[in-house]
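As structure tokens, the structure follows; a few thoughts come after it.
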Amino acid sequence: MFKRILIANRGEIAVRIIKSCKRLGIETCVVFSTADRESLAVRLADVAICIGPGPAKGSYLNINNIIAAAELADVDAIHPGFGFLSENSHFAQVVRDCQIEFIGPLSESMEALGNKAKAKALATKAGVPCVPGSVGSVKDQDEAIKIARQIGYPVLIKAVAGGGGRGMREAHNDASLVSGLISAQREAEAAFGNGDCIIEAFVQRARHIEIQIIGDKHGNVISLGERDCSTQRRHQKLVEESPSPVITPDIRKAMSADAVKLSKAAGYYNAGTVEFIYDLDRKSYYFLEMNTRIQVEHPVTEMVNDIDLIALMIKVAAGEALPFKQEDIKPKGHAIEVRVNAEDWQNNFSPCPGKISMYVAPSGKGIRVDSHCYAGYNIPPHYDSMIAKLIVHGTDRADALRILEQALSEYVLDGVKTTIGFHQRLIRDPRFVNNEVTTKWVDDVFMKS
Amino acid sequence: MFKRILIANRGEIAVRIIKSCKRLGIETCVVFSTADRESLAVRLADVAICIGPGPAKGSYLNINNIIAAAELADVDAIHPGFGFLSENSHFAQVVRDCQIEFIGPLSESMEALGNKAKAKALATKAGVPCVPGSVGSVKDQDEAIKIARQIGYPVLIKAVAGGGGRGMREAHNDASLVSGLISAQREAEAAFGNGDCIIEAFVQRARHIEIQIIGDKHGNVISLGERDCSTQRRHQKLVEESPSPVITPDIRKAMSADAVKLSKAAGYYNAGTVEFIYDLDRKSYYFLEMNTRIQVEHPVTEMVNDIDLIALMIKVAAGEALPFKQEDIKPKGHAIEVRVNAEDWQNNFSPCPGKISMYVAPSGKGIRVDSHCYAGYNIPPHYDSMIAKLIVHGTDRADALRILEQALSEYVLDGVKTTIGFHQRLIRDPRFVNNEVTTKWVDDVFMKS
Amino acid sequence: MDIKVLKEITKLMNDNDLIEVEVESKGLKLKLRKAGPVAPTVMHAVAAPAPAAAASTLAATAAATKSAEEANWKPITSPIPGTVYLKPNPDAANFVSEGLAVDPAKVVCLIEAMKVFNEIKPDVGINGQIKRICVKDGQPVEYGTVLFLVG
Amino acid sequence: MDIKVLKEITKLMNDNDLIEVEVESKGLKLKLRKAGPVAPTVMHAVAAPAPAAAASTLAATAAATKSAEEANWKPITSPIPGTVYLKPNPDAANFVSEGLAVDPAKVVCLIEAMKVFNEIKPDVGINGQIKRICVKDGQPVEYGTVLFLVG
């Protein structure tokens, strides 16, 4: 097992990783920007090394300084968390070239799956259902129009390197297709340095359902079940739960099998998430993309399976075989996660960085809060606005919602605006309670009512 | 079920009770002193009513003002928590006379068991083994000496109304017996308004083991297993765990049976704790006293049984029958609780009231923290110095200790001195790890090493 | 702008658990706020349903009506939670009215708690005129709620 | 309004936990607020074992050596975590010594990171004498660690 791990991340996930390391008896080294000097991760880690200024470009995205810190602290592995460099195959390669283990998949797997066009081709080859659309990225507007007319409008334009809704456009006719393609390409070029886009049929009434997989270096890959992340705002996940309240056991089984199939086809190991789009009308699912890292919503899977995914990632990275087989995975109860962000949800969810003056997180049976915040903490403007992830675990969905309502009502947080009020309103909405939500519902219906 | 409950207490237990009420869908009214205006309980409760000044005599011990608040808030039950009026049978009677349910046993049961001499007589009658000693309180010094010589020195002098080590003295000869009796009587007279004392044989190598019982109003009383609270300083519990690492299954079974026997003999219902002293040399146990209320260390029992004792108290007070039978009780794993107090443990554990400047409690799998504190909170000088109860639950004692060590190392608390350092040192001591602890060990050995 | 005013206001805040004070009078604008969590009154407004909000309103009234100029008025406070009655019986006149002189022998109101009507009199040392009646007839009060201001 | 008032207001704030005071009076506008949480160095010292303590010590030195008189000295800081070397090789003399004049063309030390020895030069605009050498030869440094003070 590793002696010391460097955490190339910040905020809640850095704290989360430190805790799993402590539990495993592994020393931790956290790198931080000048804006995070007073962060909880810096305080909890055994070693903390400043690697750059507040803006991520000079610090959390600064490969040179992170590697320099890794050598200074003499670590034998690096956990990238999520965001920042977590899906950067070049970073993973540099880390491994320095004889430091990258806690994640092989760079090759990351490249094969990180690019939407390549991933789709791989999925098709592996026999995993994909959304009808272009094979590979579209050469030009004419090809785009040709394909769009083939599969029929509305269609979705997606940047192959995109993520988090960026480089994504809907098109309902040739005109909007052309304009959408241009703006999507421009946006993707700027955000990911790659403007290539694909065209896909647009599923009108969709649920976002993803399968958490984990593989070891001995060829074992298993599914830990699904997460339903259909409650989104502008393609940003707001609520995640497991099991999904809308799919049948057969669909669940097929999705898991396909997720494992795809992962194996990519020679994948460590934790990963295979995202599917579920068509409520056709009652069928299509492969969307694969995230080659741990995800924000991983606690949902941890709660129903009573496991520590971060610890598992570290163990398989160290060469251990998976401690259980597919048939051992029997999720219990129902888990729901809501993201508590420093945002003014009544004003377009605009970020509200600033100082938290009073902070008392809810606690009790079935309540879990993953957070890096504390009273006196100043939420820096450079990064995302997440304050905490509130996860509840109940015997069933109704029980989980009951616990969630209590937990939200107990959340004491002064000084900045938060999305707690949004979630309180959301979980009381009968349409949410009755699972009538689609991925567009919050934008098109809920926020307008 | 009750519609609204008044919580006649403060601090951690008030918050704890509010949370169980919320979970049960019951409204909460908390009463508070002017010193607790900014307390977490006041913030979390549905209604908060100020009943008096900081000193408990005018507020938390002020029966008139508490009843007045109860009528003003129109509650149908009162939870007394622990300490303050929780074992005051007169208060319980006044509450019930006002047609408000007292969440606890009958006043008669409290009287029969609250007085050590009466309780011992009742136990003897019920066939529960008691420490050899005086039957009832001693009339005078001559009788005390006579009894002491009968049972043989060393002996223990205990105030019949005593508790928490007050009104308790050891005597190793006639001289120290006389002087001890006088001071014990004076102390008890001052503290409890009753100077009567009993004389008991003093068990040299003892463990403090108590049985948590719960009874309903339908005559059912069951044992929820034991807690081992042998790690004490000056008769104050510092660490509590379950199961006890030193007793055999047979002893455990016999203790539970005797605890239930005694409770039934007293017509007892609701939660109670029967305390025993376990003689490590004679490998036998003796009834010590019964606490007719919920105890500080109740979470230890909750963790191994996966139940909510406070919710259970409320349910049986409302007339519900116990939801399980004795044979359903199957404790799992090992739980340990340590008390984090605002005390300078290196300076005689002297209380350190003051403002908490930074506060982040540990969290994670198997970690539970019951607390009313937050950054910015001012620990008032009027009450006890408890900051939090840190409870861990592991697969076995070694696992629990591992989790506890991690949790303590993650506890971020600035502004006041705490006993965290004491506990970190304690749980690394091989004599604690190997269960060589007696109730005198911390005083006689650990604190001197 | 005299520092004594600030001092008096601060004392006022301490005595009355105020967390914020803003004063604006010809040419002078002044604001003081306290550290730590917001006062229960605000807390409730934030956290809890109607009853709490009600309970809090009391404190709020007491608080809001304070200002620098009244710094040395002495309060008559409630010794017990209950319901305040300003008149001996529904048809009678109020025990006191603003401007009336009172002393520790004078009953200023009744507070009903546990079916008992407690006669409230000014504490020893409180002599002067009723400057303000801070509660309404039939209003619920808690320990320490300011009933009257005497100056 | 003179400084005495300010002093008194500050004392007032300390004595009474005020975190903010705002005053606006004809021709006078005034606002006082209190500072935030503890420094990271303290955090380390409190919470973490040796390495962190070490890492923090660096920061600490940087901090500790500051004083009013040095306020306008300019720092040369480390752009990368690594090991600082004050001389080109073990037998050679230091690149610089206190009192030596430096400019952006002058190599003041080496910082070894990833087996690479990075030559450190003063940033553009930093010209003057080395007033203090803040690190020891072979000492580990992080981004932003003050290496030299130039004045």
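Remember, predicted model here, so these are calculated numbers, not experimental data. Residue numbers start from 1 in every chain, and the chains themselves are labelled A, B, ... in the order their sequence lines are given, proteins ahead of strands.
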If you draw a 6.0 Å radius around NZ in B:Lys417, do more than 12 non-hydrogen atoms from other residues or ligands fall strictly inside? no

Looking at B:Asn65, B:Asn62, B:Val31, B:Ile66, which one has more heavy-atom pairs under 4.5 Å with chain C than the rest? B:Asn65

So, taking the atom named CD in C:Glu142 and the one named OG1 in B:Thr34, what distance separates them when rounded to the nearest 0.5 Å? 10.5 Å

Work out which heavy atom in B:Ala68 is nearest to a heavy atom in C:Pro81; give both atom names and the distance. CB-O, 3.3 Å

Which heavy-atom pair separates B:Ile67 from C:Met114 by the least distance, and what is that distance? CG2-SD, 3.3 Å

Portion of B:Ile51 that has a non-hydrogen atom of chain C nearer than 4.5 angstrom: both

Are there over 12 heavy-atom neighbours, none belonging to C:Lys87, within less than 6.0 Å of that residue's NZ? yes

Quick one: of B:Gly58, B:Ser33, B:Gly52, who has the most non-hydrogen atom pairs under 4.5 Å with chain C? B:Gly52

Non-hydrogen atoms of chain C under 4.5 Å away: do they reach the side chain of B:Asn64, the backbone, both or neither? both

Heavy atoms of other groups near C:Lys106 NZ, more than 12 under 6.0 Å: yes

